Amino acid sequence: MKGVVFTELVNMIEDQFGLEVLDEVIENANLESGGAYTAVGDYPDSEIYSILAELGKITGLNTKQMLAAYSGCFFSMLNLTYTNFFKKHDCALKFLASLDDYIHPEALKLYPGAKVPGFKPNWVNDNELELVYTSERKMGDLARGLIDQTISHYKEEVVVSETHLEKDGSKIKYTLVKS
Ligand code: HEM
């Protein structure tokens, strides 16, 4: 996983829980990287879960709750850094439908070697979009958090439902209905 994902996580822990908690988490997580990340570097995916597990011990939150909180920070960074990507589309559904053929391919240019997830779009009608998330990383909770953040960003009313197409979480269909 690219370091940009980790740098945002580390920032969030420091901002929300303080430097002492961050130091404790990094020390107890026993990270191969030692917890020093650069945005374009590559690090084992497992470090995210080790960090979240340690943070969970301190905060009492589960991984799903922490990924939901983290998606807010990750989204704010994306929104600030890549404002133009968001300006290209005037609604959440159109933006999300462009993840596969525009957003993540652009991200690949910025972060060479990234392994971005698939988000195959299928328009049911103008107000209903199905997005099929596919990733061996099985980060559906982060995906759902980022979808919810995108909807809030565009200030829209959209009902999201999810269906696990693979039991292990590697393939999830999100159905988005705009009212
Ligand atoms: C400006 C917008 C965006 C940029 C530049 C961007 C870029 C990236 C990058 C660089 C990664 C790391 C991949 C790796 O380390 O190999 C990533 C992962 C990810 N992105 Fe995006 N992203 C954007 C928007 C979104 C949105 C809106 C969603 C959700 C609907 C999303 C869902 C995900 C998920 C779930 C992952 C985790 C990896 C996985 O599940 O396999 N991204 N993205």
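All values derive from a computational prediction rather than experimental measurement. We count ligands from 1, going down the list as the structure has it; atoms in each ligand are counted the same way.
Residue contact check: Thr150 has heavy atoms under 4.0 Å from atoms 27 (C) of ligand 1. Each of the atoms 10 (C) of ligand 1 lies under 4.0 Å from some heavy atom of Tyr111. Contact atoms of ligand 1 toward Phe95: 27 (C) (distance under 4.0 Å to a heavy atom of the residue). Taking a cut-off of under 4.0 Å to the non-hydrogen atoms of Ile147, the atoms of ligand 1 that pass are 30 (C). Below 4.0 Å from some heavy atom of Leu96 lie the following atoms of ligand 1, by number and element: 30 (C).
Under a cut-off of 6.0 angstrom, the local environment of CD in Gln65 is crowded, with over 12 non-hydrogen atoms contributed by other residues, nucleotides or ligands.
Put simply, the side chain of Lys115 does not reach to within 4.5 Å of the side chain of Ser135, judged on heavy atoms. Proximity of Ile13 to Ile51: side-chain heavy atoms (C-beta onward) are separated by under 4.5 Å at one or more points. Residues Asp42 and Lys2 have side chains in contact (heavy-atom distance under 4.5 Å, counting atoms from C-beta outward). Residues Leu31 and Tyr37 have side chains in contact (heavy-atom distance under 4.5 Å, counting atoms from C-beta outward). Using a 4.5 Å heavy-atom cutoff, the side chains of Leu142 and Leu146 are in contact.
The closest approach between any non-hydrogen atom of Phe75 and ligand 1 is not below 4.0 Å.
For atom 21 (Fe) of ligand 1, the tally of protein N/O/S atoms lying closer than 2.8 Å stands at 1.
Cluster membership for Val132 and Ile172, using ILVMFWY side-chain heavy atoms within less than 4.5 angstrom, is not shared. Residues Tyr43 and Leu108 are members of separate hydrophobic clusters, defined by side-chain heavy-atom contacts under 4.5 angstrom among Ile, Leu, Val, Met, Phe, Trp and Tyr.
Of the protein's non-hydrogen atoms, Ser135 OG, 2.6 Å is the one closest to atom 41 (O) of ligand 1. Remark: minimum distance from atom 14 (C) of ligand 1 to any protein heavy atom is reached at Arg137 NH1, 3.4 Å. With hydrogens left out, the protein atom closest to atom 40 (O) of ligand 1 is Tyr133 OH, 2.6 Å, a heavy atom. For atom 1 (C) of ligand 1, the closest heavy atom belonging to the protein is Phe85 CD1, 3.3 Å. At the shortest separation from atom 16 (O) of ligand 1 among protein heavy atoms lies Lys115 N, 2.6 Å.
Residue-level proximity to ligand 1 for Ala143 is carried by backbone and side chain together, each with a heavy atom below 4.0 angstrom. By the criterion of a heavy-atom distance under 4.0 Å, neither the backbone nor the side chain of Thr81 is placed next to ligand 1. Looking at Lys2 against ligand 1, both its backbone and its side chain come within 4.0 Å, counting heavy atoms.
Ring-plane geometry between Phe86 and Phe95 is classed as parallel, the angle between the planes falling under 30 degrees on a 0 to 90 degree scale with a further cut at 60.
Using modelled atom types, one side-chain atom of Asp100 and one backbone atom of Phe119 make a donor-acceptor pair closer than 3.5 Å. Side-chain N or O atoms of Asp45 include one that pairs as donor or acceptor with a backbone N or O of Met1 at under 3.5 Å.
Among the candidates Val25, Asp15, Leu22, the single residue satisfying the side chain to side chain contact (heavy atoms under 4.5 Å, CB included) test with Val10 is Leu22.
Nearest residue to atom 12 (C) of ligand 1 from Leu108, Asn79, Val5, Asp148 is Val5 (criterion: closest heavy atom).
Between Tyr102 and Phe85, the ring center distance clears the sub-6.0 Å criterion.
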